[in-house]
Amino acid sequence: MTFEQFNLHADITAAVVEQGYTSPTPIQEQSIPHIMHGRDVLGLAQTGTGKTAAFVLPLLHGLMRGPRRRVRALILAPTRELAIQIHESLRALGQNTRFHSAVIIGGVSMDAQVNAIRRGAEIIVACPGRLLDHLSRKNIDLSTLETLVIDEADRMFDMGFLPDIRRIVRLLPGKRQNLLFSATMPDDIRRLSTEVLHDAVTVQINHTRPLETISHSLYSVEQHLKTALLKELLKCTKTDSVLVFTRTKHRAKKLAQQLDQSGFSAASLQGNLSQNQRQQAIEGFRDGSYKILVATDIAARGIDVSAITHVINYDMPDTADAYTHRIGRTGRVSRTGEAFTFVTSEDTSMAYTIECILGDALEHKTLPGFDYDRPRTVGPVQAMSPGRSRQHRTSPAAQPARERQQRPGDRYRIQVPSR
Ligand code: AMP
């Protein structure tokens, strides 16, 4: 299929060509015609499948007819980074349309946002909290809204935004087109979709399975050896851009510093950074100034760096969905990528769940030559474990029973269920 077959407005098709998109991705192929026909759409697609353009293109097409200089479309996104990324897509794909879009996110001045709205933005891309702030101050008039897009709805739910979304939806005109995108469909999102969508077409792409262009490996390692293993892996693996995930902001910052001190070009992306610092980290990663970005799940949401070759789960994600989201950062649109996940004895049940999702696609690996038996040493912390243990033990007798059962070097075996 080609983009011409959609019969999008010529100005929009020209921008698609300029972006270098030659053919639509499956989510685009399946959802664009329905959206152009005015249907509500429930899109089940992971990040990296081209889902932003799947709603941006028909949205722009629909806006080409009708009045200007009033708010006609609202796109809700869970994080600032994703909102900015959607705004950039709107700019790129709408470059010939003269539409204005305003980004409404926290962490930056409200005044500039009010100015952007007053200049006549037809499209608002917003995070729910800041949008509600503006709405309560009557800075935005949504009475002329025609289309609502809720992007990454499952992440909105994870971040506790569903009450805010419901509050926003109640303020919108009843007659409107609704598009809801989510990588997964937990019950709460199913409920939200029945409240928001009317007679919706469901488009499902690769539900909950990470992209198939990615190879997945698990490395069993004790907590205190993770940083050493990471450095060794980085030394002996051919990588371009590496995204490393940690569980906490503190750990992301500390690990990036440790990598930097060891001669790797690394930055962190975590919630304690100002909006400017975050943008700097993302830009530096995108333009190759940093080869490694160490991030938390929330901060990494919405990073659109198409050349990420490796995702490394330094800390195991909390849910299988989080695994899917993290891994969706590599292997984007037909590129291949590798995902490495460190598994400690505390992570076995999560590793099992991931194994169930991935089946044969998963490999258990050990790094040849790496000393998995190295004991925990007294002195500088080699791997951080805030909130857990800050003690450094040398004697096995001092270790709790759970740790002793999992002796250093023991390789974690995941039981594969019969399929
Ligand atoms: P998304 O899933 O929206 O985050 O998109 C992932 C990446 O795919 C972005 O870098 C897009 O610019 C790119 N992309 C979207 N649609 C296409 C397409 N039809 N052909 C090639 N790249 C695309």
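Read the numbers this way: they start at 1 and go in the same order the structure lists the ligands and their atoms. Since the structure is predicted, the reported quantities are computational estimates derived from the model, not experimental observations. For the numbers below, each heavy atom of this structure counts, side chains included, while hydrogens, waters and symmetry mates do not.
- The backbone N or O of Leu82 sits less than 3.5 Å from a side-chain atom of Thr79, completing a donor-acceptor pair.
- Atoms of ligand 1 found under 4.0 Å from any heavy atom of Lys51, numbered from 1 in the order shown, are 1 (P), 2 (O), 3 (O).
- Residue Gly50 has at least one nitrogen or oxygen atom sitting less than 3.5 Å from a nitrogen or oxygen atom of ligand 1, judged on distance alone.
- For ligand 1, the atoms sitting less than 4.0 Å from at least one non-hydrogen atom of Thr52 are 1 (P), 3 (O), 4 (O), numbered in the order shown with element in parentheses.
- The aromatic rings of Tyr219 and Phe340 sit perpendicular to each other, their planes meeting at more than 60°, with 30° as the lower class boundary.
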CA sep, side-chain torsions, deciding dist, call: Asp141, Ser143, side-chain hydrogen bond (donor to acceptor under 3.5 Å, both in side chains): CA-CA 6 Å; Asp141 174 11; Ser143 64; 2.7 Å; yes
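- Between Tyr372 and Phe370, the ring center distance clears the sub-6.0 Å criterion.
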Kindly indicate, with the supporting measurements, whether the criterion side chain to side chain contact (heavy atoms under 4.5 Å, CB included) is fulfilled by Glu232 and Lys235. CA-CA 5 Å; Glu232 283 310 308; Lys235 270 185 216 155; 3.4 Å; yes
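- Residue contact check for ligand 1: Ser23 places a non-hydrogen atom closer than 4.0 Å to it.
- Between Gln85 and ligand 1 there is a heavy-atom distance shorter than 4.0 Å.
- Ligand 1 has no N or O atom lying under 3.5 Å from any N or O atom of Thr22, backbone or side chain.
- Looking at Tyr21, Phe55, Phe3 and measuring to atom 12 (O) of ligand 1, the nearest heavy atom belongs to Tyr21.
- Salt-bridge check for Asp151 with Lys51: passed, with a basic side-chain N closer than 4.0 Å to an acidic carboxylate O.
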